[in-house]
Amino acid sequence: MNRRMRLWLVALGGAGLAALFTAAALRLPAFGGDRHPYGDRAVRAALHRHTANTIASVNFDLRAYDTLGEMSILFASVLGCVVLLRQARDEHRARPEPAAVAPPVRRYALLVLPVAVLTGLYVVAHGQLSPGGGFQGGVVAATALHLLYLGADYRALERVRPLGAYEVTDALAVSAYVVTGLAAVLAGTAFLANTLLPYGTFNTLSSAGTVPLLNAAVGMEVACAVVVLLARFLDQAVEIEEDSGK
């Protein structure tokens, strides 16, 4: 395919996309108006299924299938990084030497670490009740562990970060999300339909049916994925060296 043909394909594709966006924009509610059909339906569905956080209801109930796609994209991205950043034949691992850490940095990092981990777990556990959820809480919990790298040294981080366990848990979390969806099919409803569990009492941890289960699976997957991803980049920066020593 020559350059002229490629430019025509790009132009036609861009024109089609622009036409679709224009058609969609013309049907949007007026700016500042009080008519929001999708929002009204989302709120009604969240209240009907005892989900206090409407955003969680949208993510893990009304469009739980889309969230599965987002989680799969993260899983595939981390898998790609693991493959690309694996140790090459012309590289070797050098044990990192402890670096000097300023006492204020050490004290602050070690003091904040448990608070940050608990905050991440809290955000995940309360995703169906308040702002936040599995994506946000998973990132907070995963990055909190790396305060050990700032406040202590790399070897201290490695002791609480067995990569094999995190990689397995990452895969299990994705599988748990899919299994929850298949369980709904076996029960005679649609894939990922929120019909397996009682909806419980509104605004409690046990409310919202399967939303807390899917939210927890996402939180576990995101936390493990971020840990594995950062580990591979840190290995490149700290441990892996070329045989020439450069």
Side-chain angles (χ1 to χ4, degrees), residues 29 34-79 116-144 165-228:
D34 58 356
R35 181 178 175 272
H36 302 284
Y38 185 81
D40 295 339
R41 293 173 185 173
V43 171
R44 284 198 299 269
L47 294 176
H48 175 69
R49 293 164 186 174
H50 297 183
T51 310
N53 183 7
T54 303
I55 303 301
S57 177
V58 172
N59 288 338
F60 304 110
D61 187 355
L62 302 182
R63 65 171 193 86
Y65 191 83
D66 295 343
T67 302
L68 173 61
E70 295 168 3
M71 183 169 62
S72 301
I73 290 172
L74 175 61
F75 180 79
S77 301
V78 174
L79 180 61
V117 172
L118 289 176
T119 300
L121 297 178
Y122 179 91
V123 172
V124 173
H126 291 76
Q128 72 275 17
L129 304 179
S130 57
F135 287 100
Q136 297 87 342
V139 172
V140 172
T143 52
Y166 281 95
E167 290 170 347
V168 171
T169 305
D170 188 7
L172 289 177
V174 177
S175 301
Y177 197 104
V178 175
V179 168
T180 303
L182 293 176
V185 176
L186 295 177
T189 57
F191 182 66
L192 289 172
N194 189 359
T195 56
L196 293 176
L197 300 176
Y199 295 142
T201 303
F202 182 77
N203 206 28
T204 62
L205 284 176
S206 58
S207 62
T210 57
V211 170
L213 298 181
L214 298 178
N215 180 58
V218 168
M220 187 182 303
E221 196 276 333
V222 170
C224 294
V226 172
V227 168
V228 173

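Nothing fancy with the numbering, it's 1 onward along the sequence. What you see below is based on every heavy atom in this structure, not just the backbone, and it leaves out hydrogens, waters and symmetry mates. Computed from a prediction, not measured in an experiment: that's the story for all the values here.
Note that OG of S72 and CG of L79 are 12.0 Å apart. Values are rounded to the nearest 0.5 Å. Atom CG in L192 sits 9.0 Å away from atom OG1 in T67 (nearest 0.5 Å). Note that the CD atom of E70 and the CD atom of E221 stand 11.5 Å from one another [nearest 0.5 Å]. The OG atom of S57 sits 11.5 Å away from the NE2 atom of H50 when rounded to the nearest 0.5 Å. Interatomic distance, CG of L47 versus CZ of F202, reported as 5.5 Å (0.5 Å rounding). One distance of note links OG1 of T180 with CG of L197; it measures 9.0 Å at 0.5 Å rounding.
By the ring-ring contact (aromatic ring centres under 6.0 Å, His included) test, H126 is found to be paired with Y122, residues two or more places apart in sequence or in another chain being considered. L118 is linked by a side-chain contact (heavy atoms from CB on, under 4.5 Å) to nothing, counting only residues two or more places apart in sequence or in another chain.
Of all non-hydrogen atoms in N215 and G134, the two that sit nearest each other are OD1-N, 2.6 Å. Of all non-hydrogen atoms in G209 and N194, the two that sit nearest each other are CA-OD1, 3.5 Å. For the residue pair A187 and L196, the shortest heavy atom distance occurs at CB-CD2, 3.8 Å. Across every non-hydrogen atom of A56 and G127, the tightest pair is CB-O, 3.3 Å. The two atoms that bring A116 and A144 nearest to each other are CB-CB, 3.4 Å, heavy atoms only. Closest non-hydrogen pair, A165 versus T169, comes out as O-OG1, 2.7 Å.
In this structure, F191 and Y65 have perpendicular ring planes: the angle between them is above 60°, well past the 30° mark.
At a threshold of 4.5 Å between non-hydrogen side-chain atoms, the residues L62 and R49 count as touching. The side-chain heavy atoms of F60 and V218, taken from C-beta on, include a pair separated by under 4.5 Å. Using a 4.5 Å heavy-atom cutoff, the side chains of V124 and V222 are not in contact.
With 3.5 Å as the limit, one finds a donor-acceptor pair spanning the side chains of T189 and T195.
Y177 places a side-chain N or O within 3.5 Å of a backbone atom of A64 that can act as its donor or acceptor partner.
Considering N53, T204, L205 in turn, L205 is the only one that fulfils the side-chain contact (heavy atoms from CB on, under 4.5 Å) rule with L129.
Taking a 6.0 Å sphere around CE of M220, one finds it holds 12 or fewer heavy atoms contributed by other residues, nucleotides or ligands.
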